[in-house]
Amino acid sequence: MSEPVASPPQLNSPISSPLTTVHADQSVESQTEAHRVRGTIWNAIVDANLTEVQRHVSRDRSLLLSRGPVGETPLHLACLLNSPAHLSIVRYILQVNPALIRDEYQGSEYQGENCLHIAVVNHQLPLVRTLLQQCPDLLRGRATGNFFAPPQPCYYGEYPLFFAACGNQPALFDLLLQHGAELTAVDSFGNTILHLMVIHGLSGMYTFICEHPLFIKLNAERPGALESTPNQEGLTPLTLAAKLGNTDMFTFLLERRRTVQWTYGPVSCMLLPLDEFDTRIDKRDHVRGALELIVAEEQLDLLMLPRVVELLRKKWNRFAERHFKQRLYFTLVFLFVLSVTTILPHPSHHESMRVKEKVQYFSVISLRIAGEAFVVISTLLKAFLEIRELTSVGVRSYFTLSGSGFLENVLSFFFCLFMFLVFFLRSISSSYEDAALSVAVVIAWSYLGFFFLGFRKTGPFVVMIYKMMIADMFRFGIIWIAFLLGFSQAFYVIFEEKGFVAYLTRAKECFVAMLGGFEFDDYLNSRYPVLSISLLVIYIFVVTILMFNLLIAMMSDTFSRINEEANQRWHLEWARIIISIENEMSLSQRLQAKYWVDVEGRRYLQVQEVHEVSNTQDPPADNSRALLDELDRLRAELAELRENRRVQSPPTHQRAREAGQSALQPFYEAPSPSQFPTERPITRSMTRRRHTQHLSLSR
């Protein structure tokens, strides 16, 4: 059973834009109008009138070279309409002018499409054979128009061979390969035919391609020639499936790569290669693996797959948990020392102090200096780690993470920045040192939010606060600022105030009024008390009542939505913490924290799975002979039983006399125990015999 062809996911493309869509719609509309004009060859082809087409061609053969509004020829239109009558027109046009078979669509929308593309999409196997026999060069045609570029649903990879694969047509695919189609071709975006199978979710066709003799021969010459080939974005088929969030294709590709080491009863030990799946060890080319893409794109369904969870669990047990707890303890100590150094007094003149006071003073100052030295050394160490991570993953990846990774990187970067600013301002004895230090202290304590994300109890709540701040509060702030500035300017005019400072004062008072702190008498004493009071009431009603309740409703919706997927969200932040810790590790530290097995120079993840074994045994496939033998045996036993009964039974008159004597016995007289028949348990053989008797009688 063939798989349905799904629409490709949304991919980044520099070609598609709203402007090109508008022009495409206009061209298609013009094409429809032009094809409906009576007395033209276009209308004759649309009506499948071969006689009328022949009349137009006999009168002017140059009509076959004409182009329509979207760059099509009459031959293209006849192939596109795809009916037996239109195929007759196609054969007639090719007989009249065989050179037209090479014509391609012209124009930005369908540029490069030829008759073979159309025949493959329409599943016209006889027409495909005819076209390939007359012109095998059609296999090298590339449909590069906007209609065939991502994220359009008909992004089929430009080549006719790719069109056949994306249409899930193994027979046509094999036919095109037999006529010389190139299996290793790539389109304008660097995608191979396997990339296209991932985009369209065709796992069955993917398997068919990989099991094709030409693919097997190619893979023997160049191992991983197609399955490990990256596109222009550096994505292989596996990493592309991870980025698109295609759970079925990603699981399918992972299972294709696994190797069963041994099986013992229900337990199986498997090896899963980590190249393309896990993060790179060296990080020299900044190529991200499937795990990093899953986390970056927030693919929650992929994140909960057993293979992904097992990889994260091994990373956490081998190195991430130890580093996470060490960092937590160090952060708590650092915050304590930082708080103590800010609380202790600064060095000052001590000439008038007593000896005892001087001893206490020098003790406190020594403690402060030691604490500041610890803060300086810790800041330098943190800056060194952040710089190493920045050079390891790249500037873009460093600042484009989400969730816990983004929080950790941003807070670490700005904390180091402000602490270096504090050091610089202190060196020049600037009075702004305390201002920079106050900002650095707030950032330092906010850094604990990164550790809260690592715990299942507190992680979802930190995510909720983060989502509410960047989504709900941001939208609320945009609307609120518009009301704030508008009403501030209105009150500025009513109170006849001048200057920008006065305008800012009115804005501050509007902000305070939103929180309920306003002087009602000030508005009564204005030039227009009725107007000022009315505006104040409207402002309070709109902002304080309506917008605040709207904000509460938005936050409630965010809370409910995140709470439903709290476990998945926590796993996402857990994975981000693991990746963040791993990015800060050096190459030697990563090699020491080994969570994989090395086999012939490749890294593998070793996993054990327990399969459920059914206790029920399946009946034999063909037991008809045994049933017939059993039936014959039962018939023989039944015949023997009847013969024994006939010999042992008394004559009929004797049974009747015994029955009459027993009938004279009074009905109230209790029978003796000997009159009861002897009880015997019903055995399986007796039940089987009774059943056999019933079958024999019914037959």
Side-chain angles (χ1 to χ4, degrees), residues 1-9 79-80 82 84 87 113-143 148 150 152-187 191-229 231 236-238 240-241 244 246 248-257:
M1 184 176 180
S2 62
E3 302 177 14
V5 181
S7 299
C79 292
L80 182 64
N82 191 30
L87 294 180
E113 185 184 22
N114 57 35
C115 297
L116 184 59
H117 289 99
I118 303 173
V120 169
V121 171
N122 289 334
H123 298 233
Q124 287 292 343
L125 184 59
L127 180 59
V128 170
R129 294 182 185 274
T130 302
L131 295 174
L132 291 176
Q133 290 174 359
Q134 296 188 20
C135 185
D137 292 340
L138 293 176
L139 290 169
R140 288 184 283 274
R142 303 179 65 175
F148 307 106
Q152 300 297 335
C154 291
Y155 170 53
Y156 293 150
E158 302 177 1
Y159 293 97
L161 180 68
F162 289 16
F163 275 52
C166 293
N168 199 20
Q169 305 178 63
L172 277 176
F173 180 84
D174 190 61
L175 177 64
L176 297 180
L177 283 179
Q178 292 176 8
H179 283 79
E182 188 176 356
L183 186 61
T184 58
V186 295
D187 64 4
N191 290 324
T192 65
I193 193 169
L194 297 184
H195 286 95
L196 270 297
M197 297 301 97
V198 172
I199 293 174
H200 292 275
L202 299 175
S203 57
M205 195 66 194
Y206 191 105
T207 304
F208 177 81
I209 295 173
C210 293
E211 294 177 355
H212 197 277
L214 289 180
F215 183 90
I216 296 175
K217 180 181 178 181
L218 176 66
N219 201 43
E221 297 173 354
R222 291 183 297 164
L226 287 179
E227 291 191 281
S228 300
T229 301
N231 58 11
T236 63
L238 179 65
L240 178 61
L244 297 179
N246 193 329
D248 295 335
M249 284 302 300
F250 185 77
T251 306
F252 164 76
L253 293 176
L254 279 183
E255 296 304 314
R256 273 186 55 85
R257 295 158 56 91

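Not measured: the values here are computed from a predicted model.
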Minimum side-chain heavy-atom gap M197-C166 below 4.5 Å: yes
Between CD on residue E158 and CG on residue L161, distance to nearest 0.5 Å: 13.0 Å
Side-chain heavy atoms of I209 within contact of F173, under 4.5 Å: yes
V121 to H123 - nearest heavy-atom pair and separation: O-CD2, 3.0 Å
Stepwise side-chain contact (heavy atoms from CB on, under 4.5 Å) check, L194 with F215: CA-CA 11 Å; L194 297 184; F215 183 90; 4.2 Å; yes
Residue list, side chain to side chain contact (heavy atoms under 4.5 Å, CB included) with T251, at least two apart or on another chain: T247, E255, L305
Side chain proximity check, L244 to I199, heavy atoms < 4.5 angstrom: yes
Side chain H117, main chain L138, donor-acceptor under 3.5 Å: no
Check against salt bridge (charged side-chain N to carboxylate O under 4.0 Å, His left out), E227 and R257: CA-CA 10 Å; E227 291 191 281; R257 295 158 56 91; over 6 Å; no
Whether F163 and F148 hold their rings parallel, tilted or perpendicular, with breakpoints at 30° and 60°: tilted
Side-chain donor/acceptor of H212 to backbone N/O of F208, under 3.5 Å: no
Interatomic distance, D137 atom CG to L116 atom CG [nearest 0.5 angstrom]: 11.0 Å
From CA spacing to verdict: side-chain contact (heavy atoms from CB on, under 4.5 Å), F252, T207: CA-CA 10 Å; F252 164 76; T207 304; 3.1 Å; yes
Over all atoms of both residues, closest heavy-atom pair of G201 and N246: CA-ND2, 3.9 Å
Nearest non-hydrogen partners of H179 and L175, listed with the distance: ND1-O, 3.0 Å
Heavy-atom closest pair, residues I118 and E113: CG1-OE2, 3.3 Å
Main-chain N/O of N82 paired with Q124 side-chain donor or acceptor, under 3.5 Å: no
Shortest non-hydrogen contact between A241 and L253, atoms and distance: CB-CD1, 4.2 Å
Close side-chain approach of E182 and Y159, heavy atoms under 4.5 Å: no
L196 and Y155, any side-chain heavy atoms less than 4.5 Å apart: yes
Closest non-hydrogen atom pair between L127 and A119, with its separation: CD2-CB, 3.8 Å
Pairwise side-chain contact, H195 with V198, heavy-atom cut-off 4.5 Å (strictly under): no
Steps toward side-chain contact (heavy atoms from CB on, under 4.5 Å) verdict (R222, T184): CA-CA 11 Å; R222 291 183 297 164; T184 58; 3.8 Å; yes
Backbone N/O of C79 and side chain of N122: donor-acceptor pair under 3.5 Å: yes
Check against side-chain contact (heavy atoms from CB on, under 4.5 Å), L176 and V128: CA-CA 9 Å; L176 297 180; V128 170; 4.1 Å; yes
Separation between CD of E221 and NZ of K217, rounded to the nearest 0.5 Å: 6.0 Å
H200 and Y156 aromatic centres sub-6.0 Å: yes
